[in-house]
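Remarks on the structure that follows.
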There are 2 protein chains.
Amino acid sequence: MKIGKLAKLTACTIQTIRYYEKEGLLDTVKRSEGNYRLYDSRAIKQLMFIKHCRSLDITLSEIRQLIEIRDSPETTCNNVNALVDRHIKQVDLRIEELKELKRQLKILRRKCTTGRVVKDCGILLELSQ
Amino acid sequence: MKIGKLAKLTACTIQTIRYYEKEGLLDTVKRSEGNYRLYDSRAIKQLMFIKHCRSLDITLSEIRQLIEIRDSPETTCNNVNALVDRHIKQVDLRIEELKELKRQLKILRRKCTTGRVVKDCGILLELSQ
DNA sequence: GTTGACTCTATAGTGACTATAGACTTTAAA
DNA sequence: TTTAAAGTCTATAGTCACTATAGAGTCAAC
């Protein structure tokens, strides 16, 4: 299978697949006579693993770690658990930050009602302090 | 006042100040004989305005718009209100996305308990599907 | 044989900074 | 007065995870 088909099957762009290869997340695969990459089902699995991780906002560097861990099947997986725990904490923190941000924005928004002219705009006045 | 003092007063880094100037958010200021930038209180105000906006996650491009609007004091400020409203919506959307992400991560986390070996790790198994 | 679809590499751009190199200026101490 | 340290200058590259483009090569069908 060539890269276009893999891209369709996995709903990745061709550029992204090549990018993951360059970053060492996908194995390099053999090439056709015309230098086209040739993929098999193993590549689909690898790519879906990456996609799944990315959909959970796991960074490429963390994915690299997970791949490395996965390839030592007899070690304990405590570091996998730790990685996920750390990730949940980060997401939580970001949610709290954004909630506070929203609160601030709403306060700001209330400083001005529609139809004023700029020099009386409560929002701009507030932002200028 | 030279750039280092401005940086201290506003808790910005020197590089960031120069960056904002390059991006047209800060006025270019006059220079000393030795080509050092010389700032006055006007620069402090401009920079604090930018900082205040950035703390609300307003993009540099939006800040540019706000500056432009602010400099036409007789026009209505409806576009300021619209910009803030749009921003609140975006933040809200992002919060919802992150909440869903957190839910997914927690589900994932429950797939594995501590102390297993990698080849039995429920998290890695789940991610591989 | 030629058109069109596909693929290749290499490079630049995104946003909002951050970091570095190498040179110049100013200030303070010896 | 020298010199060392601290401050500043410009220009450039790096960050992250892609995305977009240029220009060239490959392949299949008509």
So, with a heavy-atom separation below 4.0 Å from DNA chain D, the residues of residues 95-102 of chain A are none
Say you draw a straight line from CG of B:Leu105 to CG of A:Asp57; how long is it, rounded to the nearest 0.5 Å? 8.5 Å
Considering residues, nucleotides and ligands other than A:Glu68, do more than 12 of their heavy atoms fall under 6.0 Å from its CD? no
To the nearest 0.5 angstrom, please state how far the CG atom of B:Leu9 sits from the NZ atom of B:Lys5. 6.0 Å
Rounding to 0.5 Å, atoms OG1 (A:Thr10) and CZ (A:Phe49) come to a distance of 15.0 Å
Can a side chain N or O of B:Tyr20 be found less than 4.0 Å away from OP1 or OP2 on C:dA16? no
Provide, to the nearest angstrom, the distance between the CG atom belonging to B:Leu38 and the P atom belonging to C:dT25. 15 Å
Of all of residues 24-37 of chain B, which get a heavy atom below 4.0 angstrom from DNA chain D, listed by number? B:Arg31, B:Asn35, B:Tyr36, B:Arg37
Heavy atoms only: give me the nearest B:Cys121-A:Val80 pair and the separation to one decimal. SG-CG1, 4.1 Å
NZ or CZ of A:Arg54 within 45° of A:Tyr20 ring axis and under 6.0 Å: no
Salt-bridge test for B:Glu21 and B:Arg18: reply yes if a basic N is under 4.0 Å from a carboxylate O, no otherwise. no
Intermediate values then yes/no, side chain to side chain contact (heavy atoms under 4.5 Å, CB included), A:Leu101 and A:Leu98: CA-CA 5 Å; A:Leu101 177 59; A:Leu98 286 179; 3.9 Å; yes
For DNA chain D, determine which residues of residues 10-17 of chain B have any heavy atom closer than 4.0 angstrom to one of its atoms, and list them numerically. B:Ile14
With side chain to side chain contact (heavy atoms under 4.5 Å, CB included) as the criterion, how do A:Arg37 and A:Arg31 come out once you've worked through the C-alpha distance, each side chain's angles and the decisive distance to 0.1 Å? CA-CA 5 Å; A:Arg37 290 171 181 83; A:Arg31 302 287 186 114; 3.4 Å; yes
Just wondering, are more than 12 heavy atoms of other shown residues or ligands nearer than 6.0 Å to CZ in A:Arg42? no
Stepwise side chain to side chain contact (heavy atoms under 4.5 Å, CB included) test for A:Cys12 and A:Lys51: CA-CA 8 Å; A:Cys12 274; A:Lys51 276 211 81 176; 3.6 Å; yes
When rounded to the nearest 0.5 angstrom, what distance separates CD1 in A:Ile88 from CD in B:Gln104? 11.0 Å
Need the bend value for the helix from C:dG1-D:dC30 to C:dA30-D:dT1: angle between end axes, 5 pairs each end, nearest 10°. 30°
Does A:Ile63 reach the side chain of A:Ile58, with side-chain heavy atoms less than 4.5 Å apart? yes
In the 5' to 3' direction, the nucleotides of DNA chain D bounding the stretch that comes under 4.0 Å of a heavy atom in chain A are D:dA17 to D:dC27
Report the residue (B:Ser61 or A:Gly4) whose heavy-atom-nearest nucleotide on DNA chain C is the more 5′ of the two. A:Gly4
I need the B:Leu83 CG to A:Ile123 CD1 distance, nearest 0.5 Å. 9.0 Å
Rounding to an integer number of Å, can you tell me how far B:Lys22 NZ sits from C:dG15 P? 13 Å
Separation of B:Ile95 CD1 from A:Ile95 CD1 (nearest 0.5 Å): 8.0 Å
Go through residues 51-60 of chain A and report each residue with a non-hydrogen atom lying under 4.0 Å from DNA chain C, sorted by number. none
Given atom OH of B:Tyr19 and atom P of C:dT18, what is their separation to the nearest angstrom? 10 Å
